[in-house]
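Numbered from 1 within each chain, the chains take letters A, B, ... in sequence-line order.
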Amino acid sequence: MPNAIEFTQSIVNGISVGLIYGLVGIGFCVIYNASGIVNFAQGVFVMLGGMVCQALLTSLGIPLILAVVLTIPLVALSGLLMEVAIVRPMMNRGATLFAIILATLAAQIMVERITLLTLGDRPRTYEEFTSGGPLKLGDVAIGYQLFWILGCGALLVLALWLFFTRTRSGRALRACSQNREAAQLLGIPVARMMLLAFGLSAALGAIAGILVTPTQYTAYNVGTPFGVNGFIAAIIGGFGRAGGALAGGLLLGVLQALAIVVLGAGFKNVAALSVLLLVLLLFPNGIFAGFGPNAKAH
Amino acid sequence: MTGRNTAAEADPLLRAEDVSARYGHVQALQPTSLVVAEGEIVTVLGPNGAGKSTLLRALTRLVAGRGRIYFRGEDVSGLPTHKLARRGIVMVQEGRGLFPQMSVRENLVIGGYLQPGEVDAQMKAVFELFPRLRERLDQTAGSLSGGEQQMLAIGRALMAKPQLLMLDEPSLGLAPRVAGEILSTLGELNRRGIGILLVEQKAPLALKLAQRVYVISLGRIVAELKTDEIASYHDLARYYLH
Ligand SMILES: Nc1ncnc2c1ncn2[C@@H]1O[C@H](COP(=O)(O)OP(=O)(O)OP(=O)(O)O)[C@@H](O)[C@H]1O
Ligand SMILES: [Mg+2]
């Protein structure tokens with residue numbers, strides 16, 4: 001059995017990676033709410049976030065803050081491109097949501113392969129945002145990057161909340177998700193809102209990728225696990241609820257981390273998928289479906 | 001006065017020419033023409049499944065349809081729903097179409113999407129018409145009573161400052177007294193200069209309000225009547241038979 005220190009340590013790590021899952025999960029929700037599409041290319045944005053930031057840092061040698069400021073809009077642009085080049089044309093031609101979802105999966109595989117062919121399969125990483133560390137609390141060591149993830153994650157969640165509840169565009173996006181026709185009748189350009197959703201979602205994925213890369217590595221294929229775990233987080237949270245996805249991500253991250261120390265590294269995904277199956281069996285609308293004013297099955 | 005100006009004055013608020021719509025192979029609306037003059041309340045009556053909702057949905061482009069639509073003489077046939085709203089054509093949907101999980105306040109604020117600078121003033125005006133909404137501001141729209149929901153739906157549409165307000169069975173599911181209240185509010189709005197195209201099944205109420213009636217059956221307009229020419233509701237009944 002692991003001791004108390006290992007336990008604490010893994011919970012701390014689980015929270016940070018769970019926050020990343022949560023951000024990816026929110027990305028799923030934003031697009032789903034605006035369009036009804038589950039964007040299986042969500043993980044690609046995480047991968048691109050890490051890769052682009054790494055490329056800017058190492059090959060151009062520009063300062064971190066500048067690299068971050070450049071990476072986010074670049075990756076957001078890839079989200080816009082996906083909407084314009086794949087999703088919008090298919091919708092206009094009356095493709096079923098099923099077909100569009102499949103197309104996002106194809107896009108994910110394509111981007112992954114192109115990255116592999118052009119950049120190779122070498123794992124890449126960059127330094128933590130603050131050097132030194134880890135911070136020692138008794139026998140528990142916490143890497144400084146974890147604080148960055150927690151801090152930025154919390155700020156981002158706050159910013160998203162303000163965006164969705166206080167701004168004209170944020171409210172309009174929520175209106176589209178609750179009643180698309182009514183939104184149109186009130187003058188909201190639903191197509192433009194969908195574009196906004198893809199850009200926002202991609203930006204979220206990029207930030208997740210930028211934050212998490214120093215704690216591990218990035219490579220052409222890291223998108224899939226982040227995408228899958230973010231997807232699970234969103235389902236646990238009751239697909240479509242941003243707050244639920246965040247909570248789902250944290251739960252999933254901690255459970256995975258505990259599974260690793262208790263059962264061994266091989267059980268990480270077993271744990272994640274067991275949780276998913278359990279949730280789907282017991283709470284088909286997500287664990288958090290029954291709570292709060294927004295409780296409603298989609 | 002230039003010739004163009006006189007022409008504009010003669011133009012009705014809304015003129016639809018041969019507007020039709022189909023769902024797959026079903027032609028739910030045959031080519032239909034209708035007019036709403038400035039300052040007019042026009043009612044569309046007809047039995048269930050006649051195509052009343054389809055008509056309003058085709059006019060607001062929620063369903064793709066053929067035919068031409070002119071707003072104050074200007075051809076707006078090619079405009080999508082949200083751009084029609086910008087011109088002042090707003091519809092209250094059948095079933096109210098509220099954002100059920102949002103508060104009354106948020107529903108109204110989103111209604112003011114096109115008028116972000118005037119949200120507070122418009123909201124005040126809405127509360128004057130429907131004081132009850134002010135008391136329910138922080139309640140979710142889905143938790144309101146049927147009558148309150150309809151008030152909110154109309155109030156929300158007013159936030160967009162419509163010039164032509166279309167309403168699809170606003171009295172549906174309401175007690176007669178509440179339905180009467182809602183419809184008399186429409187009269188008040190009309191006196192303030194908003195043109196109204198009202199779909200109803202409660203003929204007596206609607207006829208009291210409207211200047212003209214179109215009767216629609218099996219996807220086509222079968223009669224156009226002035227309400228003061230209708231001697232009794234039995235006159236109308238024969239159009240319902242098919
Ligand atoms: N989405 C749809 N797909 C296929 N057929 C439809 C659809 N909506 C309506 N219809 C059909 O079109 C016809 C007209 O429907 P519509 O809803 O316009 O009638 P209505 O006059 O509004 O009826 P009600 O008084 O019941 O609201 C009906 O036969 C209906 O079955
Ligand atoms: Mg109808």
Side-chain angles (χ1 to χ4, degrees), chain A residues 29 32-35 88 91-96 161-197 237-244 285-286 288-298, chain B residues 24 53 56-57 59-64 79-103 105-117 119 138-143 152-153 155-162 164-168:
Chain A
C29 297
Y32 175 76
N33 283 341
S35 64
R88 175 78 49 96
M91 275 201 162
N92 287 346
R93 285 171 177 74
T96 59
W161 181 75
L162 288 174
F163 171 73
F164 279 115
T165 57
R166 300 292 149 90
T167 70
R168 185 168 176 251
S169 296
R171 283 199 192 95
L173 258 178
R174 278 167 59 226
C176 291
S177 76
Q178 291 192 22
N179 192 329
R180 189 185 269 273
E181 289 190 345
Q184 282 172 281
L185 286 166
L186 295 169
I188 296 171
V190 172
R192 192 144 16 108
M193 287 298 142
M194 227 169 84
L195 198 61
L196 175 65
F239 218 89
R241 286 186 204 85
N285 293 321
F288 308 104
F291 305 115
N294 285 353
K296 181 200 138 196
H298 277 273
Chain B
S53 299
L56 293 197
R57 293 169 61 79
L59 290 175
T60 50
R61 292 299 187 221
L62 284 177
V63 291
L79 297 184
T81 309
H82 72 273
K83 290 204 172 142
L84 291 173
R86 239 181 264 176
R87 298 293 176 99
I89 304 178
V90 177
M91 171 167 79
V92 176
Q93 292 157 278
E94 189 170 20
R96 292 143 202 162
L98 295 173
F99 305 123
Q101 297 156 51
M102 293 189 193
S103 65
R105 185 197 312 272
E106 272 196 305
N107 269 274
L108 291 173
V109 171
I110 292 170
Y113 180 82
L114 292 173
Q115 321 282 344
V119 166
D138 294 312
Q139 213 169 309
T140 57
S143 69
L152 178 56
R156 190 183 65 180
L158 292 176
M159 295 292 294
K161 286 195 153 184
L164 172 62
L165 185 60
M166 302 187 193
L167 303 105
D168 195 345

Colleague: What part of B:A157 lies closer than 4.5 angstrom to a heavy atom of chain A: side chain, backbone, both or neither?
Modeller: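 Answer is backbone: N, CA, C or O of B:A157 sit under 4.5 Å from chain A.
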
Colleague: Taking only residues two or more places apart in sequence, or in another chain, which ones meet B:Q93 in a side chain to side chain donor-acceptor pair (under 3.5 Å)?
Modeller: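 Result, side chain to side chain donor-acceptor pair (under 3.5 Å) vs B:Q93: A:E181.
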
Colleague: What distance separates A:L185 CG from B:L62 CG, expressed to the nearest 0.5 Å?
Modeller: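 A:L185 CG to B:L62 CG: 4.5 Å, rounded to 0.5 Å.
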
Colleague: Is it the backbone or the side chain of B:V92 that comes under 4.5 Å from a heavy atom of chain A, or both, or neither?
Modeller: neither

Colleague: Measuring from atom CD1 of A:I188 to atom OG1 of B:T81, what distance do you get when rounded to the nearest 0.5 angstrom?
Modeller: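 A:I188 atom CD1 to B:T81 atom OG1 measures 12.0 Å (nearest 0.5 Å).
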
Colleague: If every non-hydrogen atom of B:A85 is compared with every non-hydrogen atom of A:L186, which pair is closest and at what distance?
Modeller: CB-C, 4.0 Å

Colleague: Quick one: what part of B:R156 sits under 4.5 Å from any heavy atom of chain A, side chain, backbone, both or neither?
Modeller: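 Contact with chain A is through both the backbone and side chain of B:R156.
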
Colleague: Could you look at A:R166 and say if it's the side chain, the backbone, both or neither that has a heavy atom under 4.5 Å from chain B?
Modeller: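 Neither part.
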
Colleague: Taking all non-hydrogen atoms of both residues into account, name the closest pair between B:Y113 and A:A172 and its distance.
Modeller: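 Of all heavy-atom pairs spanning B:Y113 and A:A172, the closest is CE1-CB, 3.7 Å.
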
Colleague: In chain order, what residues pass the salt bridge (Lys or Arg N to Asp or Glu O under 4.0 Å) check against B:R96, with sequence neighbours excluded?
Modeller: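 With sequence neighbours excluded, B:R96 shows a salt bridge (Lys or Arg N to Asp or Glu O under 4.0 Å) to no residue whatsoever.
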
Colleague: Rounded to the nearest 0.5 Å, how far does NE2 of B:H82 lie from CZ of A:R192?
Modeller: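 Separation between the atoms: 6.5 Å.
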
Colleague: So, for B:F99 and A:A182, which heavy atoms are closest and what is the spacing to 0.1 Å?
Modeller: CE2-CB, 3.9 Å

Colleague: Between B:L114 and A:R168, which heavy-atom pair has the shortest distance, and what is it?
Modeller: CA-NH2, 4.2 Å

Colleague: Side chain from CB out, backbone as N, CA, C, O: work out which of these in B:L84 comes under 4.5 Å of a heavy atom of chain A, or both, or neither.
Modeller: neither

Colleague: Backbone N or O of A:Q178 within a donor-acceptor pair of the B:Q101 side chain at under 3.5 Å?
Modeller: no

Colleague: Just so I understand: if I count every heavy-atom pair under 4.5 Å between each of B:P80, B:A153, B:P162, B:P116 and chain A, which residue has the most?
Modeller: B:P116

